Amino acid sequence: MSSPVERPEAAATLADQGTEGGNLLTVRGLKVHYPIRKGLVFDRTVGHVQAVDGVDLDVPRGQTYGLVGESGCGKSTLGRALLQLEDATAGSVDFDGTELTKLSGERLRVLRRRMQMVFQDPMASLDPRQSVQSLLIEPLRVHGLAPADVEEFGPDSPSSHLAKAAAMLEVVGLPRASLAKYPHEFSGGQRQRIGIARAMILNPDLVIADEPVSALDVSVQAQVINLLEHLQDLFGLTYVVIAHDLAVVRHISDRIGVMYLGHIVEEADADTLYAEPMHPYTLALMSAIPVPDPVLEDSRERVLLAGDLPSPANPPAGCRFHTRCPFVQDDCRTVVPELRVLGPRKVACHHAEEIHQQAAVTVIDGTD
Amino acid sequence: MNAPQSSSDPLLSIRNLDVTFGRGDKETRAVDGVSYDVPAGTIVGVVGESGSGKSVTSLAVMGLLPQRGCRTSGEILFDGVNLLGRSDAEMSRIRGKEIAMVFQDPMSSLNPVVPVGTQVTEVLRTHEKVSAAEARDRAGDLLKRCGIPDPLRRLKEYPHQLSGGMRQRAMIAIALACKPRLLICDEPTTALDVTIQAQVLELLAELVSDLGTAMIMITHDLGVVAGLCDHVNVMYAGRIVESAPRRELFANPQHRYTQGLLHSIPRLDHPRGAPLQPIPGTPRDTVAWDKACAFAPRCRYVTEECVTPEIDLDELSAGHQVRCVHPATRAETIADGSAATAQEATA
């Protein structure tokens, strides 16, 4: 574990940069609720699944924001809502000075060129009947980019669709010969490269990657992570990376938000979060990850959580985590904790300080 | 089983197991001369990526490979008796009773139209002479033991009414119902969230040590192996490439593939910012073992000597075997290890 001493200053400067001017994406009070309908003849709404329930995000330009959480915590819904692929129930999404939730139709479509998505399963997100060439050129056609066509300028003209596609393939590390092939002819890692090329070919500002490596073999994951980092340096991209694997998120992100049942429960820069987790859920999440070091594994103390994630249709009152929290106290059951600033981080827990003191002891016991 | 077991023999002994699918040009050798032992009461980990043959080996032990289009040879000695070539009826008496299995995805391995309780009592009633009422009581106890709250209500529910973690607990309850002597877990926690994974692994470790059951843990996650197993086999392209006791393997990985795996994953116990060193290529880029080392096309340390047919699994030190022409020297791994420790110390 890294030293907790020098980190807070680094984080403070980081937070200072994250003022309005430097943010590419600013989200305030974003909610996505899905209605639960019942009845065959008369469609009645009997409740709401509160997938995302009041999230604030600031994503500085050129940085990577990581979202972690378990399945059902709303991290994917949040990612989709940022791109307006899901309708927001309430709240605002400000992308480079434009309010997205009020846009529709053509104006939104034009902006979409600058916001792209990389999906988890490239087998499901690439049309199996389209060749790679067609897959890569489609986004250019849709957005009317590179109107200079092959017939007019020949296939070797740098402005033709084809030349762009071939150049992009080279950037993601696939041979030009791949253009004529179909998705099933590639391995999982190569398919993910095609998915990434498809997102990058529009030269976007913001890329949202939803579980970009979790479907890949262990030895291939690192290749794709390195590629994403390389592309960020090359094109100056801003990333929002959504993943359940904390080790991957820690590696790639500058700032990380931990989600639980539609809320962000802790947010900090990567080093602070992993050196000093303050929210009991972050603590549990971190201690649950198996580490490939037997000596450490044998001596480690785990914060084991009881039970499963409660239903987001009927979230617990008070702190949403109280049903599984090992440190629960009376006020947790009734009072909703605010996401408050605590040093270099934000944390939504009434008793974060006391828990941290108890936990610090365990962490030291665990590593020495 | 009728053959008595001498005290020194392992509970399960796989000897030169070959599994081949297809014929002629389309022949694929999924498992290629695999041998390993599982002594009674121990946990053996099998680590590998997709296509390494780790699951096919365990299906062969269970007698669950298809009878058509698939050829097996070698020996699978369970308690000294060969399981290969046994009839379906004989295997049915062993499966669930002596050897049980937990699969990766409990949603597709539980029957969706049968209540959970019936699926647990079915195993008990098949293998033991118990009354329906007694079986139900025992099923309730089993679910409770596997950490399912309110087990009597859960017995009447269907798999879709249970969460993923609960379904996997129910699978474990079914597998352990007849107190098998060997439990095979094929990626039991891959479909689960990390906090649930921690619960299930803790439960498995506890139950296995309580019942004295031996276990084969098949996984791609080196972290799971590090915390749980006594001995680890690393498989690549159908063969075991490295086999060592747990601590020895992680402290002193000798095969370039094992090393590559350990260097290519982002790790919480290492300082942030260290660049990842991926293994180039994909698990599909292999050559046949009878021509050269199958890992050679992806190996950083490849030389002409690697194009040697039939590289042996050499014993480097007690219990530590490696199939590599240029295994890492002890000095290298120690330098590697001390560098990591030094980094940790300064951090």
Side-chain angles (χ1 to χ4, degrees), chain A residues 1-3 68-73 186-190 213 216-227 229 244-253 270-271 274-275 281 284-298 300 302-309 311 324 367, chain B residues 47 49-51 147 149 163-166 189 192-199 201-202 220-229 245-251 257 260-285 298 340 344 346-347:
Chain A
M1 284 288 160
S2 359
S3 147
V68 278
E70 295 179 279
S71 47
C73 73
F186 296 92
S187 68
Q190 290 169 325
V213 298
L216 306 176
D217 265 313
V218 184
S219 69
V220 180
Q221 289 190 1
Q223 297 173 8
V224 172
I225 294 171
N226 283 357
L227 173 66
E229 289 185 326
H244 70 275
D245 187 331
L246 279 95
V248 168
V249 170
R250 170 177 180 249
H251 180 84
I252 202 170
S253 307
D271 288 320
Y274 285 83
Y281 179 63
L285 210 53
M286 228 110 79
S287 79
I289 297 173
V291 171
D293 179 351
V295 183
L296 195 62
E297 277 291 313
D298 288 352
R300 227 167 150 207
R302 290 229 148 85
V303 184
L304 271 188
L305 293 184
D308 291 311
L309 200 70
S311 161
R324 298 174 76 196
T367 44
Chain B
V47 182
E49 294 177 283
S50 47
S163 67
M166 286 297 158
T189 56
L192 306 176
D193 281 313
V194 275
T195 58
I196 311 292
Q197 163 171 294
Q199 293 172 5
L201 289 178
E202 186 102 348
H220 66 274
D221 189 337
L222 288 162
V224 169
V225 169
L228 193 67
C229 302
R246 175 182 66 145
R247 289 201 173 209
E248 167 74 9
L249 183 84
F250 287 94
Y257 174 65
L261 279 182
L262 284 167
H263 287 300
S264 66
I265 45 178
R267 292 174 60 157
L268 286 184
D269 57 335
H270 285 184
R272 201 172 82 92
L276 301 179
Q277 298 164 17
I279 303 176
T282 77
R284 279 200 211 167
D285 306 332
R298 303 178 69 191
E344 270 168 59
T346 51

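Since the model is a prediction, treat every value here as computed from it, not as a measurement. A note on names: the letters A, B, ... follow the listed sequences, proteins ahead of strands, and every chain is numbered from 1.
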Flag if over 12 foreign heavy atoms under 6.0 Å of CD, B/Glu202
no

Shorter than 4.5 Å, heavy atoms on both sides: which option in [options] has the most such pairs with chain B?
options	result
A/His251, A/His244, A/Gln221, A/Glu297	A/His251
A/Asp245, A/Leu309, A/Val295	A/Val295
A/Ala247, A/Ser219, A/Ala288	A/Ser219
A/Asp298, A/Ile289, A/Val248, A/Val303	A/Asp298

Contact origin within A/Leu285 toward chain B - heavy atom pairs under 4.5 Å
both

Honestly, the part of A/Ser253 sitting under 4.5 Å from a heavy atom of chain B is backbone

Results of salt bridge (charged side-chain N to carboxylate O under 4.0 Å, His left out) for B/Glu49 - residues two or more places apart only
B/Arg298

Sequence-distant partners of B/Arg284, salt bridge (charged side-chain N to carboxylate O under 4.0 Å, His left out), two or more places apart
none

Taking every non-hydrogen atom, the tightest pair across [X] and [Y]:
X	Y	answer
B/Phe250	A/Pro292	CD2-O, 3.4 Å
A/Val291	B/Ala226	O-CB, 3.5 Å
A/Glu70	B/Asp193	OE2-CB, 3.0 Å
B/His270	A/Arg250	O-NH2, 2.8 Å

Begin with the C-alpha distance, continue with both residues' side-chain angles, and end with the deciding distance and a verdict on side-chain contact (heavy atoms from CB on, under 4.5 Å) for B/Arg267 and A/Asp293.
CA-CA 10 Å; B/Arg267 292 174 60 157; A/Asp293 179 351; 3.9 Å; yes

Would you please test A/Arg300 and B/Asp269 for side-chain contact (heavy atoms from CB on, under 4.5 Å) and show each step?
CA-CA 12 Å; A/Arg300 227 167 150 207; B/Asp269 57 335; over 6 Å; no

Report yes if some heavy atom in the side chain of B/Pro283 is under 4.5 Å from a heavy atom in the side chain of A/Val220; otherwise report no.
yes

Between B/Ile279, B/Leu222, B/Leu261, B/Thr195, which residue shows the highest count of heavy-atom pairs closer than 4.5 Å to chain A?
B/Thr195

Highest number of heavy-atom pairs under 4.5 Å with chain A among B/Pro275, B/Gly147, B/Ala198, B/Pro266 belongs to B/Pro266

Answer with side chain, backbone, both or neither: which region of B/Ile265 has an atom nearer than 4.5 Å to a non-hydrogen atom of chain A?
side chain

Between [X] (side chain) and [Y] (backbone), is there a donor-acceptor pair under 3.5 Å?
X	Y	answer
B/Gln199	A/Leu305	yes
A/Asp217	B/Ser50	yes
A/Gln223	B/Gly281	yes

